[in-house]
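The sequence lines fix the lettering, A, B, ..., with proteins before strands; numbering per chain opens at 1. Given the structure is predicted, the values throughout are model-derived calculations rather than measurements.
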Amino acid sequence: GAVVSQHPSWVICKSGTSVKIECRSLDFQATTMFWYRQFPKQSLMLMATSNEGSKATYEQGVEKDKFLINHASLTLSTLTVTSAHPEDSSFYICSASRGGDEQFFGPGTRLTVL
Amino acid sequence: EDKVVQSPLSLVVHEGDTVTLNCSYEVTNFRSLLWYKQEKKAPTFLFMLTSSGIEKKSGRLSSILDKKELFSILNITATQTGDSAVYLCAVEVKGAQKLVFGQGTRLTINP
């Protein structure tokens, strides 16, 4: 149990376009979902925490108008990178919690902005 | 500011060697410390530690936490090439419901 999927697994887009990444908890209800970003050879940096039905809480330095997070249901959260630029190219990973201590990670989405 | 620091950042050893990875932390409100193994994709969970001095063990891997000195170690004995990965240490902050990750240790096991 506790499987989290992400879609797409990789995406290439042109500068200035928007990209949506989905995170789904497949076999449990996720009260909280987390979005992380990982640049090459660096660690995971938390971008935002979202609870179902409420606005996401963004970490310091993360632009909420650029990284739109929606957590409309207990099994789905989406991250939209708006007006993407090459510096947004990164590995985006979501995780989901069912209310306890543990976070279950998705497989990640590699975004490349040309 | 909450901080997790891992050392070494990179380690190359031969198959069969034993390695010790270090993780020290400074957080405002500690809840637990977690170790993950990351290969090409998302991290996979290894251990969660909440109490000092109690060793957690899984096969050739073991880990222990010292809450007084604010650090943890991850030991891998009789290493195999399949142990090559980045090992991440993260601390869960109580109340904030978030994980703060260290930079990771890139472990390479040569045959």
Where does [X] contact chain B at under 4.5 Å (heavy atoms): side chain, backbone, both or neither?
| X | result |
| --- | --- |
| A:T57 | neither |
| A:L46 | side chain |
| A:Q38 | side chain |

Worksheet item: Less than 6.0 Å separating the ring centroids of A:Y36 and A:F105?
Response: yes

Going by atom type alone, with no hydrogens or angles, which donor-acceptor pairs under 3.5 Å involve a side-chain atom of residues 98-111 of chain B and a protein atom two or more places apart or on another chain?
from, atom 1, to, atom 2, distance (Å)
B:K98, NZ, A:E59, OE1, 2.9
B:Q103, OE1, B:Q6, N, 2.8
B:T105, OG1, B:P8, O, 2.5

Item to complete: Indicate whether any N or O donor in one side chain lies under 3.5 Å from an N or O acceptor in the other, for A:T109 and A:W10.
Response: no

Item to complete: May I ask you to check whether A:Q103 and A:S97 show a side-chain donor-acceptor distance below 3.5 Å?
Response: no

